[in-house]
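A short worksheet on the structure shown next.
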Amino acid sequence: MWDTFIVTPLTNVLLWIYGIFGGNFGLAIILFTILIRLVTHPLMASQIKSSQKMQEMQQSKKWQEIQKKNKGDKEKLAQEQMKLYKELGISPFGSCLPTIIQIPIIFGLYQSIMRALVASPLQLLTLTRSVYAVFDTPALLPLNSHFLWMNLGQAPEKIFLPFLTSGIPNPTLAIIVALTTYVQSKLTMPPSTNPNDQSAAMGKMMALYMPLLLGYFSLTFASGLSVYFIISNLVGILQYALLGKVNWRNLLPGAKKEAAKSK
Amino acid sequence: MKTKIILLISGALALGLLLSGCVTGLTPSSWPGISADGATAYVASAAAVYAVNLENGNELWRFPEKADAKRSFFAAPVLTPDGQLIVGGYDHVLYSLNPQNGQVNWQYAEARDHWVGSVLVANDLIYAPNADYNLYVLNLKGELQWKFATRQAIWATPVTDSQRVYLGSLDRKVYAVDARTGKLVWDKALTGAILGSPVLGGDGRLYVATFGGDVFALDTANGEQLWEFSAGNFVWSAPVLSNGALYFGDSNGNFYALNASTGAQDWSLQPGSPILGAPLVTGDHVLFGTEAGNLYAVDTQGQNAWNLTVSGKLYGAPVAGSDLILVAPVEGQSLLIALDQAGVQKWAFTPVKK
């Protein structure tokens with residue numbers, strides 16, 4: 001089911017793009033990522049909207065009063081919170097549901113990239129059986145997995161240093177992935193004036209951990225995934241910018257302090 | 001707050017595990033490669049290379065002794081005239097083993113991708129095709145002599161007439177290179193990736209099957225096309241040449257016999273299940289396996305001599321070992337099955353987990 005409805009269609013879209021753009025698989029991943037981002041854009045926009053509403057509610061006097069009033073009674077506080085959500089037209093799942101919907105797409109996308117990049121005869125057999133009849137399979141396969149300096153179907157090549165003769169994976173891609181993830185997290189982090197704002201603290205933590213995690217994935221997994229991460233991050237920044245939600249000040253600590261002082 | 005941190009870390013770990021699951025699920029794998037001398041069969045299958053006694057199907061040794069997730073083997077091991085067993089791994093390493101005990105003589109670790117195809121040993125050299133697009137040529141001590149680059153992975157074993165080496169690449173080309181220097185003599189673009197070895201005829205002809213579903217006869221002198229035959233679908237393996245006839249199957253489940261001189265079809269069979277492995281000509285019979293697990297033995301006119309069904313899928317070619325026929329099914333109950341010439345099972349080998 002997962003294969004029929006997610007991985008196989010995504011693989012065929014990827015192959016279609018690959019065929020159109022002259023057999024460049026790196027370019028196909030880039031365009032495929034942009035396409036997926038465009039398709040999921042309405043979900044993302046609704047997630048941003050919901051998050052903003054939620055944040056506004058948390059900063060509102062009314063919510064703070066409710067919190068004070070029901071300090072010792074968690075059940076009552078939850079009831080009041082739900083009431084307030086209804087009043088302000090906020091869906092409690094509005095900010096996380098779009099993210100949850102995107103997760104299978106990300107996994108499907110990764111699996112489709114890996115499926116397309118065959119590394120053995122058995123994988124080629126599996127791929128030929130996933131390709132829709134409209135394609136001229138022998139003309140299309142096997143794909144050329146080289147893009148710039150990378151083999152997209154493999155983890156980064158090892159580099160050997162005089163003091164590290166056993167070699168380490170080339171960190172170039174991992175650094176770019178970590179950097180773009182960090183920049184995206186910082187730029188898309190909503191401003192917070194409340195020092196006790198838990199979601200802001202979480203956001204800060206995510207901005208630190210996610211680049212490290214995705215950087216580690218980029219060192220370990222196929223380079224095609226790293227290309228996806230990088231493009232996805234850059235397109236994400238662009239999407240936030242188009243929605244007017246990018247906080248450029250977050251990248252410049254000096255500017256942030258000044259902004260805080262002026263307030 | 002603490003709960004949220006725990007949730008966050010758990011989420012990140014779950015993401016990591018799921019992604020690693022995607023990767024593990026797609027770890028390159030293939031069907032076993034078999035070779036045999038008079039007394040021993042060598043089977044490269046996933047975690048190990050096994051040496052099996054042809055008399056009784058007992059394991060003699062395995063390499064490596066203990067399974068290692070980083071190592072896997074699928075290319076058929078090849079014996080050299082000076083008593084080495086050469087086998088390439090999906091760990092990018094080419095090993096020379098002692099065929100008596102599986103001990104490593106030397107290893108070559110400079111290639112950057114899997115060793116999918118078996119090596120060719122000729123002219124005191126090892127011609128080793130690698131998926132990193134290169135044909136590596138080593139001496140019998142494992143020292144690189146030269147290498148030849150193509151534009152895609154090389155999965156098929158090359159062939160040689162001593163003067164030149166002929167190799168097919170997934171870049172859809174056949175290359176003829178000088179067997180001593182590696183200098184390109186000619187190349188010829190065909191209709192699809194070349195997954196199986198080219199076949200040399202004794203009359204200056206080279207036969208090549210492609211993933212595009214065609215079989216070509218080329219002039220070894222210059223690569224000029226002599227004839228072309230279009231099969232129904234992808235041709236995965238090398239055709240086999242015997243007594244002026246070319247035998248091969250396709251992934252639509254058709255099996256063909258062609259006149260090697262003209263390319264005209266002598267006869268064809270439709271077993272109905274994909275045929276991926278090369279056939280084996282032994283005695284008066286032509287044998288081929290199908291994905292459905294059927295092994296067919298037909299005479300040179302295509303008349304059925306016998307057939308049987310084994311547990312699993314027969315993707316690889318049947319191999320002759322001593323007076324036995326060896327098959328290694330994928331997803332079957334046994335790793336290696338030995339049959340006599342009448343198709344009666346003599347023994348089956350299933351490795352014991354270590």
Side-chain angles (χ1 to χ4, degrees), chain A residues 3 7 23 96 99 103-104 106-129 136-146 151 153-155 157-158 167 196 198-199 201-203 205-206 209-210 212-214 216-218 220-222 225 229, chain B residues 1 4-5 7-9 11-16 18-23 25-31 72 74 90 92 112-114 116-117 131-133 151-153 155-156 170-172 190-193 195-196 210-214 233-237 251 274 276-277 291 313 315-316 330:
Chain A
D3 204 81
V7 184
C96 64
T99 313
I103 287 173
I106 292 171
F107 285 122
L109 184 133
Y110 180 63
Q111 281 187 304
S112 63
I113 290 171
M114 291 313 294
R115 177 171 293 181
L117 290 167
V118 293
S120 77
L122 202 56
Q123 286 182 347
L124 182 60
L125 183 66
T126 308
L127 178 61
T128 56
R129 287 171 178 177
D136 178 4
T137 309
L140 209 58
L141 303 180
L143 304 182
N144 179 5
S145 57
H146 273 245
N151 184 338
Q154 291 185 359
E157 268 183 29
K158 278 189 172 180
N196 298 321
Q198 286 190 355
S199 62
M202 285 274 289
M205 221 171 66
M206 287 280 278
Y209 285 122
M210 281 310 277
L212 291 176
L213 188 71
L214 297 191
Y216 171 72
F217 287 167
S218 304
T220 320
F221 300 146
L225 182 68
F229 282 147
Chain B
M1 182 71 177
K4 282 189 177 177
I5 292 172
L7 275 174
L8 182 70
I9 292 169
L13 281 173
L15 182 72
L18 274 168
L19 278 176
S20 7
C22 297
V23 176
L26 289 161
T27 298
S29 65
S30 197
W31 41 87
S72 55
F74 297 100
Y90 274 32
H92 308 184
R112 286 173 289 129
D113 214 324
H114 314 313
V116 177
D132 72 2
Y133 304 9
R151 294 170 67 85
Q152 258 283 12
W155 285 359
L170 267 60
D171 69 5
R172 302 179 176 89
L190 299 178
T191 53
L195 308 177
T210 74
F211 189 60
D214 302 306
N233 213 316
F234 319 131
V235 183
W236 285 78
S237 300
S251 59
L276 271 64
E291 189 178 47
K313 298 168 179 174
Y315 286 141
V330 173

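Below, chain A is the first sequence line, B the second, and so on; all start at residue 1.
- Heavy atoms of B/Phe234 lying under 4.5 Å from chain A belong exclusively to its side chain.
- Side-chain rings of B/Tyr133 and A/His146 approach one another, their centers coming within less than 6.0 Å.
- In this structure, the portion of A/Asn151 lying under 4.5 Å from any heavy atom of chain B is its side chain and not its backbone.
- Proximity to chain B (any heavy atom under 4.5 Å) is shown, for A/Leu117, by neither the backbone nor the side chain.
- A/Thr128 and A/Thr137 share no side-chain donor-acceptor pair at under 3.5 Å.
- A donor-acceptor contact shorter than 3.5 Å is absent between the side chain of B/Arg172 and the backbone of B/Thr210.
- Heavy-atom distances place both the backbone and the side chain of B/Leu170 under 4.5 Å from chain A.
- For B/Gln152 (side chain) and A/Leu143 (main-chain N/O), a donor-acceptor pair under 3.5 Å exists by modelled atom type.
- Looking only at distances, a side-chain donor or acceptor of A/Ser120 sits under 3.5 Å from a matching main-chain atom of B/Ser29.
- Residue contact with chain B, scored on non-hydrogen atoms closer than 4.5 Å, is absent for A/Leu212.
- Heavy atoms closer than 4.5 Å to chain A are found nowhere in B/Asp132, neither backbone nor side chain.
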